[in-house]
Each structure stands twice: as C-alpha cells, then as structure tokens.
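Structure first, then comments.
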Amino acid sequence: MKLEFNFKQSGVIPFRKKNGRIEVMLITSIKKKKWIIPKGYVEFNLSFFESAKKEAYEEAGVTGTNETRELGSLKIEKSAGVCYMKIFSMEVEKVLDDYPEKNIRKRKWMPVDEAAERIDMKEVSPLILSLKNKLT
C-alpha cells in the first residue's frame, strides 16, 4: 500500500504595469524548463503569502509590495498525495540581478494573455487572466 500525504504550497504571480498594460513574469522549472510561477512549500512560521514572497525572491529575483490579493486556491492531485496551494498576486517593485536561483532558471516578462497560454500549470491560467479585471 502506498502512503499518501497532504501538503501546502503557495505561489505568486509577479506583475508590473508597463505602457498602460499588465505584464506577468514567468520562470522556468529546473528540470523540464517549462514556464511556471514562483511557488513552493509553505515554510514553518511563515504565512502562505510570506512564503510566496520568499519564493518570488529566491526563484525569480523579484521583490514587491505587500498590497496583494489572494487570486485563488487550487487542489492538485500528485503522485505523492494532495497539494493544497494558494496563489497570490504581487506587484513587482524591484527586479534583482543577483538572486539565489539565477543560474538555474530563466525569467521572462509576458503580456497577461501570453503568460496564461504558455504556463505549464493550466490550473493557474484563469488566475493570470483574472489580473486584467482585478487591476484595471
């Protein structure tokens, strides 16, 4: 019998407003190089959002405001168990040249529609698209 477990993750959709439109930053996954959002396990003593902001810094090299919105929650069935994930928006204030995972990931700014199309986790696409309505 296979033992399954439940775990919690949080993720962030980093965005900026440029020339009157919203752009989203996606990053590549480490192994398969697919476009994803910064995400990870919720760390002990951190809230879902605090943990998501930490992942944004470590994985994408961005920092942002605390003015945020929880865009949604996902329940994802994985081989090891069930992942409960909360996704937040974060307006980027700084894009850093030096950050922990700069040598193992790529990052790219994309228009909202392109980001929603290219992201590997299709469950996140509607949350990316919701930024157009929530931020205008």
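Numbers here are sequence positions counted from 1. For clarity, every value in this text was computed on a predicted model and none was experimentally measured.
- Listed by chain and residue number, K54 satisfy the salt bridge (Lys or Arg N to Asp or Glu O under 4.0 Å) test with E43 (two or more places apart in sequence, or in another chain).
- Within a 6.0 Å radius of CD in E50, more than 12 heavy atoms belonging to other residues, nucleotides or ligands are found.
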Query raised in the report: Step by step, would you call M25 with V62 a side-chain contact (heavy atoms from CB on, under 4.5 Å)?
Result: CA-CA 9 Å; M25 179 183 279; V62 294; 3.7 Å; yes
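- By the criterion of side-chain heavy atoms lying less than 4.5 angstrom apart, applied directly or through intervening Ile, Leu, Val, Met, Phe, Trp or Tyr residues, V12 is not grouped with L131; the two fall into different hydrophobic clusters.
- When V92, L129, I13 are each tested for a side-chain contact (heavy atoms from CB on, under 4.5 Å) with V24, only one passes: I13.
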Requested in this report: For K106 and I27, run side-chain contact (heavy atoms from CB on, under 4.5 Å): C-alpha distance rounded to whole Å, both residues' side-chain angles, the deciding distance at 0.1 Å, then the answer.
Outcome: CA-CA 5 Å; K106 292 181 182 176; I27 61 171; over 6 Å; no
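- Partners of R105 by salt bridge (Lys or Arg N to Asp or Glu O under 4.0 Å), not counting sequence neighbours, listed by chain and number: E59, E101.
- Between the CZ atom of R21 and the NZ atom of K132 there is a distance of 11.5 Å, given to the nearest 0.5 Å.
- Every pair passing ring pair (Phe, Tyr, Trp, His ring centres under 6.0 Å) that includes a residue from residues 86-128 is listed here, sequence neighbours excluded: F49-F88.
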Query raised in the report: How far apart are the C-alpha atoms of L74 and V124, what are their side-chain angles, what is the distance that settles it, and do they pass the side-chain contact (heavy atoms from CB on, under 4.5 Å) test?
Result: CA-CA 8 Å; L74 304 172; V124 179; 3.9 Å; yes
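- Between E114 and E23 the shortest side-chain heavy-atom distance does not fall below 4.5 Å.
- For K31, the NZ atom sits in a loose shell: 12 or fewer heavy atoms of surrounding residues, nucleotides or ligands are nearer than 6.0 Å.
- Rounding to the nearest 0.5 angstrom, the gap separating the CD1 atom in I87 from the OG atom in S73 is 8.5 Å.
- Looking at every heavy atom in both residues, M110 comes nearest to L26 through SD-CD1, 3.8 Å.
- Under the 4.5 Å side-chain heavy-atom criterion for grouping Ile, Leu, Val, Met, Phe, Trp and Tyr, M90 is connected to V95 within one hydrophobic cluster.
- Taking the salt bridge (Lys or Arg N to Asp or Glu O under 4.0 Å) definition, one finds that D120 meets it with nothing, sequence neighbours left out.
- Proximity of I76 to M121: side-chain heavy atoms (C-beta onward) are separated by under 4.5 Å at one or more points.
- Of all non-hydrogen atoms in S10 and A52, the two that sit nearest each other are OG-N, 3.2 Å.
- Between the OG atom in S125 and the CD1 atom in I119 there is a gap of 6.0 Å [rounded to 0.5 Å].
- Both the sub-6.0 Å distance and the 45° axial angle are satisfied by K86 relative to the ring of F48.
- Under a 4.0 Å N-O distance rule, the pair E55/K53 does not qualify as a salt bridge.
- Listed by chain and residue number, K102 satisfy the salt bridge (Lys or Arg N to Asp or Glu O under 4.0 Å) test with D98 (two or more places apart in sequence, or in another chain).
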Show me the side-chain donor-acceptor pairs of residues 32-42 shorter than 3.5 Å, one per line, residues at least two apart or across chains.
| unit_1 | atom_1 | unit_2 | atom_2 | d |
| --- | --- | --- | --- | --- |
| K33 | NZ | I30 | O | 3.1 |
| K33 | NZ | I104 | O | 3.2 |

**Report entry** Residue pair T65, E93: steps toward the side-chain contact (heavy atoms from CB on, under 4.5 Å) verdict
**Finding:** CA-CA 7 Å; T65 66; E93 292 181 317; 3.2 Å; yes
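- A heavy-atom distance below 4.5 Å is not found between the side chains of K8 and M85.
- For the atom pair F15 CZ and I128 CD1, the distance stands at 13.0 Å (nearest 0.5 Å).
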